[in-house]
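Inspection log for the structure reproduced underneath, given as structure tokens.
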Protein chains: 2
Amino acid sequence: MPYRIKEVADYVGISVRTLHHYDRAGLLKPGSVTASGYRLYTDSELEKLQQIMFFRELGFGLRQIKEILDSPGFDRMQALAAQKILLLEKEKRLEAIIGLVEQTLDAVKGGIAMNKKDMFRAFDMSEIEKHQEHYTEETRQKYGHTEAYKESQKKAASYKKEDWAAISARGAEIYQELADLMVLSPADPQVQQAIGAWRQHITDSYYNCTPEIFRGLGDLYVQDERFTASIDKTKPGLARFMSEAMHLYCDSIAKKGR
Amino acid sequence: MPYRIKEVADYVGISVRTLHHYDRAGLLKPGSVTASGYRLYTDSELEKLQQIMFFRELGFGLRQIKEILDSPGFDRMQALAAQKILLLEKEKRLEAIIGLVEQTLDAVKGGIAMNKKDMFRAFDMSEIEKHQEHYTEETRQKYGHTEAYKESQKKAASYKKEDWAAISARGAEIYQELADLMVLSPADPQVQQAIGAWRQHITDSYYNCTPEIFRGLGDLYVQDERFTASIDKTKPGLARFMSEAMHLYCDSIAKKGR
DNA sequence: ATTGACTCTGACGTTACGTCATGGTTTATT
DNA sequence: AATAAACCATGACGTAACGTCAGAGTCAAT
């Protein structure tokens, strides 16, 4: 079941040296080591290695990748979603460059000079870098920000790997449900019920989410662009929609309480 | 009209240091230098810089790029065509990786494990590297190989830039014509006529292509994989088709001569 | 018992720049 | 005309992500 280093290297298409390097960098340590010092990798490490490959493909530095993967709230699904967006962004750039080559070919064929302004625009990376920065900053700042999040961090530390998958899957489920309900008013009973499920999910998975905290969280969704961007990935405008719905939800709880 | 180094850097989106680096590496020297040592670049250098950017985008090393650009028979049109092919190859790879991300996302969502064989296949670069190697090797070996080619090299040195464009355009034209005729037999009069045009083109543009040399060239097309690959870029199988047609062509000339 | 394929840990090399440091040059402004 | 602000030049060292030995131990099979 455990693979030796060359098996992994051949399998993945990288060098043994690279795995040594990742080990020393703390990016990917072998699952175990034999008495004689041989590194042994398991499927779990292969999975992590795949994540690393995705990030590397996107031009992330090993340092950054380590930081992201080591982040306590690292969510594989969310990472994959972000990676997909970034890869599509990269494809867009590539296509622009291909278009530029074709344009240049035509210009050379026709013996005419190209418009200097267009000659290099396609090489621009700022769009991709923006997305990269966004994602890194998001995972970096996601935790240790508010009181509630500190609490969540502690609770989160106790979860096993399998739990995380279930939790984030449930989260994505609710996001999607709410995204589908965006055609309705935030006050609509269906929406309010989904919001209730959202609060329950937070309480179950992270921390006791009181109405006060929940209201503050709603504010955060529109005030902190990191949250806005993250939530709007499911569907643009979802963050604002949820924020309003959460406020109405808290209002109605307050009313009932009196 | 001439640009100073920072103007170029800002325009292209690279650093001044990079231009310094390219200068020292002999990859891109400024068109002129002021008395005080300031580098001055003109549109011609911008054009070359664009070529460099294309190659760099494709993962070519600076050494390799220099070798290609300095090659006596460097043909911008051909280079652009090759670059386009390589970029499309790169896009194919990217799309495979995007597909992999989606597949992985589904697997994580469904809570199932992925097929290990598929987990890394998309990262494979060998296809791209093959193309890269091919192109470099092609430009490297294209000249100075056979007697005829040595002759061609001399003749070619006298051409002006504009001539080159016309020559390779005419070459591409004949290739395309022959590719379209591949449904016919190599012995078909139409094919034989196109082959005659091809020999004429070589004689006009490069060297006096005797039937003997022409026959040898036909052999080269299938024996030397660099030629095969180069020709088959227009259409797979074209090299073999041309080789056969060229032999028949030379046979019929020999018969006539008697 | 030995061969061949693998593994380990250094340690230096490489590519394509980044990042100062130091000092001269141009251009704009006063 | 002086002076600041922006620009340029040449070293020279730093860095990221490995590549490439070297020297020595390990393992599986013959």
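All of these numbers come straight from a predicted model, not from anything done at the bench. Chain identifiers are assigned alphabetically (A, B, ...) following the order of the sequence lines, protein sequences preceding nucleic acid strands; residue numbering begins at 1 within each chain.
Relative ring orientation between B:F120 and A:Y11 is described as perpendicular, the plane-to-plane angle rising above 60° on a 0-90° scale split at 30° and 60°. In this pair, B:F55 and B:Y135 present their aromatic rings parallel. The plane angle is below 30°, not in the 30 to 60° band.
Comparing B:T34 and B:R63, the nucleotide of DNA chain C nearest to each residue sits closer to the 5' end for B:R63. Comparing B:H20 and B:R24 by the nucleotide of DNA chain D whose heavy atom lies nearest to each, the residue mapping closer to the 5' end is B:H20.
Contact of the B:Q83 side chain with the B:Q51 side chain is registered, since non-hydrogen atoms from C-beta on lie closer than 4.5 Å.
Among the protein residues, A:R56 comes within range of the sugar-phosphate backbone only, with heavy atoms under 4.0 Å from sugar or phosphate atoms but none that close to a base.
Residue B:R17 places a side-chain atom within donor-acceptor reach of the base of C:dT19, judged by atom type and a 3.5 Å distance cut-off alone.
Taking every side-chain heavy atom of B:R39 into account, D:dT10 is the closest of D:dT10, C:dT25, C:dA16. Nearest nucleotide to the side chain of A:Y38, out of D:dT26, D:dA17, D:dT10: D:dT26.
Using a 4.0 Å cut-off between a side-chain N of Lys or Arg and a carboxylate O of Asp or Glu, A:R121 and A:D124 do not qualify as a salt bridge.
Following rounding to the nearest Å, A:K66 (NZ) and D:dA17 (P) show an atom-to-atom distance of 13 Å. Rounded to whole Å, the distance from CD on A:E67 to P on D:dA16 is 14 Å.
Residue B:Y22 places no side-chain N or O under 4.0 Å from the OP1 or OP2 atom of C:dA16.
Counting all heavy atoms, side chain and backbone alike, B:R39 lies closest to B:Y41 at CD-OH, 3.4 Å.
Annotation: proximity of residues 4-15 of chain B to DNA chain D (heavy atom, distance under 4.0 Å) is found for B:R4, B:I5, B:K6, numbered in ascending order.
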